[in-house]
Each structure stands twice: as C-alpha cells, then as structure tokens.
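These figures come from a predicted structure and were not determined experimentally. One is the number of the first residue; the rest follow in order along the sequence. Computation of the quantities below employed the complete heavy-atom set of this structure, encompassing side-chain atoms and omitting hydrogens, waters and symmetry-equivalent molecules.
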Amino acid sequence: MSPVIATASTPQLRGSAATSNVVEKPSIRVPPAETSAVDDHFFWTYTEEPHRSRRLAIIKAHPEVTKLCGPEPLTKYVVLGVVLLQICCAYLLRDTPMLSWKFLATAYVIGATANQNLFLAIHEISHNLAFRSPMANRLLAIFANLPIGLPYSAAFRPYHLTHHKSLGVTGLDTDLPTALEAFVLDSLLGKTFFCTFQILFYAVRPMFIYSPPFTAIHLVNVIVQLSFDYALTKICGGSLQPFLYLIASSFLAGSLHPCAGHFIAEHYFFSNLQHGTESIQEQKQKKTQQPHPLDSLPPPETYSYYGPLNVLTYNVGLHNEHHDFPAIPWTKLHALHRIAREFYEPLPSHRSWVWVIWTFILDNNVGMWCRVKRAQGGRIVGGGGKSSGRAGESISASSAAADESGSGWKESEIQN
C-alpha cells in the first residue's frame, strides 16, 4: 500500500476523512527507512506544521500575547515540593515489600502522579521557563530528575526542542512511532502493550532515530543521579525499596495512569468520534448530531485538553497553545487561550485523558498509524546548531545559538 499523501485528491483515510483543499504537488515516496519492511498507513502531508502560521496570526490579531512570555518563578517551588514529597514517600516505604498493596497503591496514586508532574516540570524547564539563566534551568531540571530514578533531563531537552522545530518530520521528531512499531502493535493486544509500556517506547525510540552529542550537562546529570540513588540507598540502611519505589513510580507514570493519557492525546488524531473529542465551539452550540469537523478536514496534528488533570501536569493539556507559544509558561497558557479564543475554540479538543486511553485501545479506527508525518522541514535543536540533511532548511548562526542557549527565546520561539 502506498503512503497517504495530503493533496487535493487524497482519498478516504483510515480513521479520518478526505482532506480539504490543499495545494496539489507531485507525489513522493516515503523515505525507504519507513517503508522497506512494512506497508505505511500514516497520514503523509506536504503542508507545513500548523503552529508557526497560527502563532503569527495570533500575534497579528493580539500583539499583547507576547507579554505573556518569560520565566515563571513558581515553577522552582512546585518542583521542590514534589521532589521532597517523593523522597519522603521513598524513605517511609524503605521496609515495605514491593508487592504489598501499600507499596503498589502509594506508587500508583502518589508516586506516578508525582513523577508525571516531574516529567512535565522537566518539559517546562527545557524551554527555559523557570529561570532566565539557561544553566540555572539545566541544574533545576537535574534536581527535578532525582525522584525519577534514572538520568533523563539532559537527554530529553534536545529531543523535545527538535520535536517543536520538526513536528511530524520523520527522522527528526522522535515522538512519532516508526512504521515497524505501528505494524507490530496494530491490534487490541498491541495497543494495550503500548499503553502499558509507553514510557519505555519514549525512552528507547530516540536512540534509534538520531543521537545528539554527549555534553558536560549530560555527564553532570548522570553523576548527580547515580550519587543520589546511592545516597538514598545508604541512608535507608542499604534497602533497595526506596529506589524501587521511585522506578515503579516512573514506570506507572507512563503506563495505564490517567495522567499518562496526555502522551497519546497530544498528537494522535482521533476522528469520527463525537463524544470525546469536540471543539469547545461545538460543545457550546450543542451540535452533537452534526458532522464532526474532521469529516471534512485533514486530521489535526495537535489536540488540547482543558480538564482538571491539568492542575497536576503543568497545564500540558493546553497543547495547541503550548506548541503555538513555547515561550509562554504553564501558568499563563489559560490567559493565552482566553485572549485568542477565536483561534482555539474551533479546534477539536479532548474532554478526558482516561477516555483517550480507553478509545485508543478499543476503537479500531484509532491506533499507532494515526499520526501526521512529513518528509521535509524542521531541524535538529540542541545538537550544536547543525541542520538536518533531511530537513532541507538552513539556520542562521544567531538563531542556532539562541536555540542552544535559550537566551534568545523572543527571537527563536515567537518570531520564527
């Protein structure tokens, strides 16, 4: 089966409807790495990622949104509180068997929620939104990493910033599943396995895509994390239970946990599903019996969620808002939404992360193939400022330096 290409004549898609008017261009083949072993059923498009153009349109309509950009001082205090909470729980469980209900319940209810919060704190800090100093942000991320159990924060940053600059670009965006993953896991059991172990997919997959250089901050992350793990074990009398609690918390945070729904909700497209993914505008107008917007448009690449779990997750549910303005901190994303509501309310959004996980597993129209991909565009960020050969875009030295240091957020994140 040939890969799906977004043109004016694109036929009905699996899990979505035909596209709207898109400028037709000569068809292309998906890069061989994606299609050599299995048929490809992703939604391949020529169009640029939607966030840059919407950002420019919002700035033109509401220039005051740029005043929302900049660090959020509250972040460091939230990180400190959650780190101390997890260390306290780990210490109190030092003599509790790992398979006991007390250990498992604490790891799932408190530990997984706390570590998911720390994953997303590191996400927030990767955009230099805790301090103005890039190094202060790097060090805070290493501190937030402590209860996760394994060194993670330094490696996450370049991959995540590249995800923003290269949304949907195969070979650059490591959030995208590979064709092999989608083929092997394209079943009820496969999707259940993916949702249960998705934290491992996000940890391992990037290593098979590309490798940013190992820097001094990576080394500091490793040394500090291993030293912390060793010290925690020694303080607890040599017991491994505290360390196992932290590892279990991290695993459950990316498994079948309500907050883990954001991993799937953010960029997998859901179509023809009228009772869990509607725009706010639809909900206000109560048009539940009308055709869903995705029945006549290309599938969206990003979805937002406006429910209560945002309180625990640095408002990561406001994901369209975050991708449009990565330099706006979590505390001001709702303000962005209010200011530019005419841009956001028509967009499809999820009403429940639990519903997202449930539907992803059980609905045959939703699965690993439901991602928008593009073969060109984007660039690697955090890898020394070099452009990707596949990206086909040049990047100025000043812009690269801004991406690397984070000190030029106004230029690199708002205007670009």
Side-chain angles (χ1 to χ4, degrees), residues 3 28-38 40 42 44-45 48-49 51-52 119 122-123 126-127 134 138 141 145 150-185 194 197-222 254 263 266-268 301-302 323 326 368 371-397 399-406 412-413 416:
I28 61 172
R29 295 295 298 179
V30 177
E34 288 288 329
T35 57
S36 58
V38 297
D40 189 289
F42 293 112
W44 288 87
T45 181
E48 68 171 359
E49 60 90 9
H51 299 288
R52 180 180 182 275
F119 284 140
I122 292 171
H123 164 264
S126 72
H127 291 284
R138 302 294 83 75
N145 196 145
L150 298 173
Y152 154 81
S153 64
F156 170 79
R157 183 173 184 266
Y159 285 120
H160 180 68
L161 297 184
T162 299
H163 163 68
H164 274 267
K165 293 295 184 182
S166 310
L167 182 64
V169 179
T170 185
L172 293 182
D173 186 356
T174 57
D175 187 73
L176 293 167
T178 64
L180 181 60
E181 287 177 76
F183 175 77
V184 172
L185 301 174
F194 174 76
F197 296 96
Q198 61 181 314
I199 193 68
L200 301 182
F201 284 86
Y202 285 106
V204 174
R205 182 193 298 140
M207 295 186 290
F208 292 92
I209 306 299
Y210 70 91
S211 298
F214 189 86
T215 66
I217 202 67
H218 289 78
L219 181 61
V220 172
N221 188 194
V222 171
F263 289 119
E266 290 166 358
H267 297 294
Y268 285 86
E301 296 186 49
T302 307
H323 267 269
M368 303 290 289
R371 289 295 296 263
V372 176
K373 285 192 176 187
R374 48 182 54 84
Q376 296 178 334
R379 65 174 183 261
I380 293 177
V381 181
K386 296 179 180 179
S387 298
S388 163
R390 179 172 291 171
E393 289 187 358
S394 62
I395 172 174
S396 67
S399 181
D403 283 334
E404 281 292 305
S405 67
S412 63
E413 297 295 2
N416 284 354

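With sequence neighbours excluded, the residues forming a side chain to side chain donor-acceptor pair (under 3.5 Å) with His218 are Thr215, listed by chain and number. In this structure, the side chain to side chain donor-acceptor pair (under 3.5 Å) partners of Tyr210, at least two apart in sequence or on a different chain, are Thr162. In this view, Glu181 and Arg205 satisfy the salt bridge (Lys or Arg N to Asp or Glu O under 4.0 Å) rule, not counting sequence neighbours. With sequence neighbours excluded, the residues satisfying ring-ring contact (aromatic ring centres under 6.0 Å, His included) with Tyr152 are Phe119, Phe156. For Val222, the side chain to side chain contact (heavy atoms under 4.5 Å, CB included) criterion is met by Pro151, Leu226, not counting sequence neighbours. The salt bridge (Lys or Arg N to Asp or Glu O under 4.0 Å) test applied to Asp173 returns no partner, not counting sequence neighbours.
The distance from the CG atom of Leu180 to the CZ atom of Phe208 is 10.5 Å, given to the nearest 0.5 Å. To the nearest 0.5 Å, atom NE2 of residue His267 and atom CD of residue Glu301 are 9.0 Å apart. Rounded to the nearest 0.5 Å, atoms OH (Tyr159) and OH (Tyr202) are 15.0 Å apart. Taking CG from Leu172 and CG from Leu167, the interatomic distance works out to 11.5 Å, rounded to the nearest 0.5 Å. Expressed to the nearest 0.5 Å, how far CG of Leu176 lies from CE of Met368 amounts to 10.5 Å. The distance from atom CG of Asp175 to atom CZ of Phe201, rounded to the nearest 0.5 Å, is 13.5 Å.
Within the 4.5 Å cutoff, the side chain of Arg157 has no heavy atoms near those of the Ser153 side chain.
Nearest heavy-atom pair, Trp44 versus Ala375, reported as atom, atom and distance to 0.1 Å: CZ3-N, 3.8 Å. The two atoms that bring His323 and Thr302 nearest to each other are CD2-CG2, 4.4 Å, heavy atoms only. A pairwise comparison of heavy atoms in Ala154 and Pro158 identifies O-CD, 3.2 Å as the closest pair. Between Gly254 and Phe263, the shortest heavy-atom distance links the atoms CA-CE1, 4.0 Å. In this structure, Arg371 and Phe42 approach most closely via the heavy-atom pair O-CB, 3.8 Å.
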Stepwise side-chain contact (heavy atoms from CB on, under 4.5 Å) test for Arg374 and Glu49
CA-CA 9 Å; Arg374 48 182 54 84; Glu49 60 90 9; 3.8 Å; yes

For side-chain contact (heavy atoms from CB on, under 4.5 Å), just list the numbers for Leu161 and His127, CA-CA rounded to whole Å, side-chain angles, deciding distance to a tenth of an Å, and then say yes or no.
CA-CA 8 Å; Leu161 297 184; His127 291 284; 3.7 Å; yes

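In terms of modelled atom types and a separation under 3.5 Å, the side chain of Ser166 and the main chain of Arg379 share a donor-acceptor contact.
The aromatic ring centroids of His163 and His123 lie 6.0 Å or more from each other.
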